[in-house]
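As the structure is a computational prediction, the values presented were derived from the model and not from experiment. We number each residue from 1, following the sequence as shown.
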Amino acid sequence: MQKDIRLHGQLANGIEYFVLVVGTEAYQRYFFNIVQEADELRIFSPGNEFVLGQKGIRFEGNGGHFCEYMFGVEQPTSDLTKTEIINRLVMNGACLEEEGGGLHFSEQTSGHESYDTIFFEGNAVCNYFFCVHSPRLSRKLGEQQQELVRLLGKTLKRTPAVGEERDDLLVDELFPLLQDEGAQLFIIKLINTRHKAYRDLFRSLYFRSKKIADDDFARLMSLASGHQIDRYQQERMRIDVMYRHPLNRRIVDEYRSILIGCTARGEISTLENARLNRLKALSVRNKIPGALFFTLDELLNKGRNLKEAREEADYIAQTRQILEGFFLHQQEIDSSIDRDDMLTLIKAKKWAIAARDHHFDQLMLDFSRTCDEKIRDGADPALLEGFSYVITYLDRLDSTLSLIGQLAFMENVRITEEMLQGLLEHRAAFENLEPGCFEELFVKELFENPYLGRFGRMKMTALMEGLPLVQEDQQTLEALHSRLIAVDQEERLYLMVLELVRHRVRNFYSSYGTKAEQDVLRREVLEELKARKKLAVDLPDHVFQETVTTIQKEAVYLQSLLPTIIAEKNAHLREDFLANAGLDRFYVEELEREYYEQNGLDLEEMYQIRQGL
């Protein structure tokens, strides 16, 4: 039966120690003495010795020291890239061979470490030293060290008992591995009580709300000052505590896992880059300090230049990043689509439509196929539910763009209450993402579009003023519908009158500038409209006057300005006319097409003028 004896004490410099001696005959062995004149504690066994002084620890014999890795500390690549390795192990007298990178074990194992160095190079709070006495070990120290690494090394580097400071569990795990009933295992645990007080206070404050209030930070600074804890050690402990918060740890560990794979291959794929960026975005949402990611980037990229895959448009990269977040649920990371994410996806699709970029739709198709495959293989069906939520909003985008496009740019569109009801529902959904979102997505750019004509502008103004009033029950949908129908009817009448006036002016009138001539022209147009049964009442004077003005501007453009624009390739003169004349751009471009056809000119020349070439 294995037994252990524990010796506990405190050194004058704030270092607390626990000495554990484990073995079947532990109670029958004398293993320590106190050197009063030197104020030292000596722990010994045949061939091994530790001396705990006020400034540091001296040792000789076999064994070494170990501790839990703090997050962000320098680690050998072999440890850093293996997620199961969580502890640092240093064997006395061991060093890396220059060729091959293997360990060489020297016969020279004695040494001395100051407490400052131990808690600086190792863990800031808790570190362990150990040695073993066993008749079965080789008589040479170098060979003993090699045997101990083989017997204990794997467990020492992987056991969570070290970080949890579970000495009972640590003993139960290690002693049976010696495979020697007569062996004795010596473990010395050193705790820096000052660092521990700072670490524990910070952890209690941070775990409460994942932030440190100003008053709490003042408490921390006061404690650090009183215990003379340097800033580097404060930072190490804060980062380590923040990493160990359960919500932080899942995200940071997944980030490290992806980055390790990239480091092994020497490049970051588009897919991996999307996942890394998504995890960083989630870190902001979850109030995870960016320092955790910067630290990993530094450690894993040190001395390496990871090549990134081909560049892709920002909106495609953002889309890939958000979609890849769905698969993080498999690592128990909450990467659900929030309002900001959805707004980003909607804008990405809008940019893709504007750029005629089919990569967005292909990405959605590929992701849908991957979701189906993962669910088929046993993944959480919530994957598909989240994706359906995205698709619903993207369908709303398509539907809204189509409806607004019809109202703004198409003539003779049949406006129905069903159309307006659909727009009302879409507006409510988009406004739920962010107030003002609907106007930003569908209206702002529209009013800046040079091809938006006078009647299209009138319809959109009526729509943007009416939809909020309907949602707030200050106006009925029927009233909004009636207002739009009135604009639509005036547009239809204007186009019919414009067609008739143009025809008569071109074929029957050499002059139509006087009031008398215009009155005659107006009566003729009115009679023809009634004859065609297109008008049951009188022709509104403002509609007729607008058509006459349009014809006059048309004549000025065709007879005076357009020939000069063509001869001089003067795009500025053309834009100046369009800006001041108030004519619809589509209408002017149709006049230009007719002019070029009538005069046998190459219309390609006009396209170049329009582009300012």
(request) Evaluate the criterion salt bridge (Lys or Arg N to Asp or Glu O under 4.0 Å) for residue pair Arg208 and Asp216; output intermediate values, then yes/no. (result) CA-CA 12 Å; Arg208 190 165 57 198; Asp216 292 334; 3.1 Å; yes
(request) Take Lys350 and Glu440 through the salt bridge (Lys or Arg N to Asp or Glu O under 4.0 Å) test and state the conclusion after the steps. (result) CA-CA 12 Å; Lys350 193 163 177 280; Glu440 180 186 350; over 6 Å; no
Do [X] and [Y] have side chains that approach each other closer than 4.5 Å (heavy atoms only, starting at C-beta)?
X	Y	value
Leu205	Arg219	yes
Arg414	Met419	no
Met460	Leu463	yes
Leu401	Leu441	no
Leu526	Phe544	no
Leu583	Leu578	no
Glu491	Arg454	no
Asp584	Leu452	no

Can you give me the closest heavy-atom contact between [X] and [Y], atom names plus distance?
X	Y	answer
Tyr206	Ile212	N-CD1, 3.8 Å
Leu498	Ile551	CD1-CD1, 3.7 Å
Ile565	Leu573	CG1-CD2, 3.7 Å
Leu247	Arg250	CD2-NH2, 3.1 Å
Leu343	Cys437	CD1-SG, 3.3 Å
Arg203	Val241	CA-CG1, 3.6 Å

Does a sphere of radius 6.0 Å around [atom1] in [X] hold more than 12 heavy atoms from other residues, nucleotides or ligands, not counting ones at 6.0 Å or beyond?
X	atom1	result
His572	NE2	no
Asn599	CG	yes
Phe217	CZ	no
Glu594	CD	yes

Between [X] and [Y] (side chain of the first, backbone of the second, donor and acceptor by atom type, cut-off under 3.5 Å), is there such a pair?
X	Y	value
Asp240	Phe71	yes
Thr344	Asp340	yes
Thr392	Ser388	yes
Thr461	Arg457	yes
Asp602	Glu605	no
Asp488	Leu484	no

(request) Give the C-alpha distance, both sets of side-chain angles, the deciding distance and a yes or no for salt bridge (Lys or Arg N to Asp or Glu O under 4.0 Å) between Arg593 and Glu597. (result) CA-CA 6 Å; Arg593 186 189 62 78; Glu597 289 178 353; 2.6 Å; yes
Nearest-0.5 Å distance, [atom1] of residue [X] to [atom2] of residue [Y]:
X	Y	atom1	atom2	value
Ile415	Gln489	CD1	CD	9.5 Å
Met242	Asn248	CE	CG	8.5 Å
Met464	Leu469	CE	CG	11.5 Å
Lys553	Leu561	NZ	CG	12.5 Å
Ile391	Asp398	CD1	CG	9.5 Å
Glu490	Lys459	CD	NZ	11.0 Å

(request) For Tyr494 and Thr550, test the side chains for any donor-to-acceptor distance below 3.5 angstrom and give the result as yes or no. (result)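 Result is yes, a qualifying pair exists.
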(message) Do Asp366 and Gln362 pair up side chain to side chain, a donor and an acceptor below 3.5 Å, judged on atom types alone?
(response)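 On atom types as modelled, these side chains qualify, holding a pair under 3.5 Å.
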(request) List the steps, then state whether side-chain contact (heavy atoms from CB on, under 4.5 Å) holds for Leu420 with Leu403. (result) CA-CA 9 Å; Leu420 298 180; Leu403 291 172; over 6 Å; no
(request) Give the intermediate values and the outcome of side-chain contact (heavy atoms from CB on, under 4.5 Å) for residues Asn570 and Ile609. (result) CA-CA 7 Å; Asn570 194 334; Ile609 294 173; over 6 Å; no
(request) Could you name each residue pair satisfying ring-ring contact (aromatic ring centres under 6.0 Å, His included) that touches residues 411-433, not counting sequence neighbours? (result)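 Qualifying pairs: Tyr393-Phe430, Phe430-Phe442.
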(request) Could you walk me through whether Glu589 and Tyr451 pass side chain to side chain donor-acceptor pair (under 3.5 Å), step by step? (result) CA-CA 10 Å; Glu589 290 184 358; Tyr451 285 95; 2.5 Å; yes
(request) Using side-chain contact (heavy atoms from CB on, under 4.5 Å) as the criterion, point out the one residue from Leu495, Val501, Leu521, Leu539 that pairs with Thr547. (result)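 Passing option: Val501.
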(request) Keeping to residues at least two apart or across chains, list the side chain to side chain donor-acceptor pair (under 3.5 Å) pairs with something in residues 427-439. (result) Arg427-Gln471
Residues [X], [Y]: salt bridge by 4.0 Å N-O rule:
X	Y	value
Arg585	Glu575	yes
Arg502	Glu554	yes
Arg396	Glu425	no

(request) Would you check, one step at a time, whether the test salt bridge (Lys or Arg N to Asp or Glu O under 4.0 Å) holds for Glu592 with Arg574? (result) CA-CA 11 Å; Glu592 292 169 345; Arg574 178 177 182 272; 2.8 Å; yes
(request) Kindly indicate, with the supporting measurements, whether the criterion side-chain contact (heavy atoms from CB on, under 4.5 Å) is fulfilled by Gln559 and Val556. (result) CA-CA 5 Å; Gln559 296 169 19; Val556 171; over 6 Å; no
(message) For Tyr595 and Ile566: C-alpha separation, side-chain torsions, deciding distance, then whether side-chain contact (heavy atoms from CB on, under 4.5 Å) applies.
(response) CA-CA 11 Å; Tyr595 182 90; Ile566 294 171; 3.7 Å; yes
(message) Parallel, tilted or perpendicular: which one describes the rings of Phe387 and Phe367, with boundaries at 30° and 60°?
(response) tilted
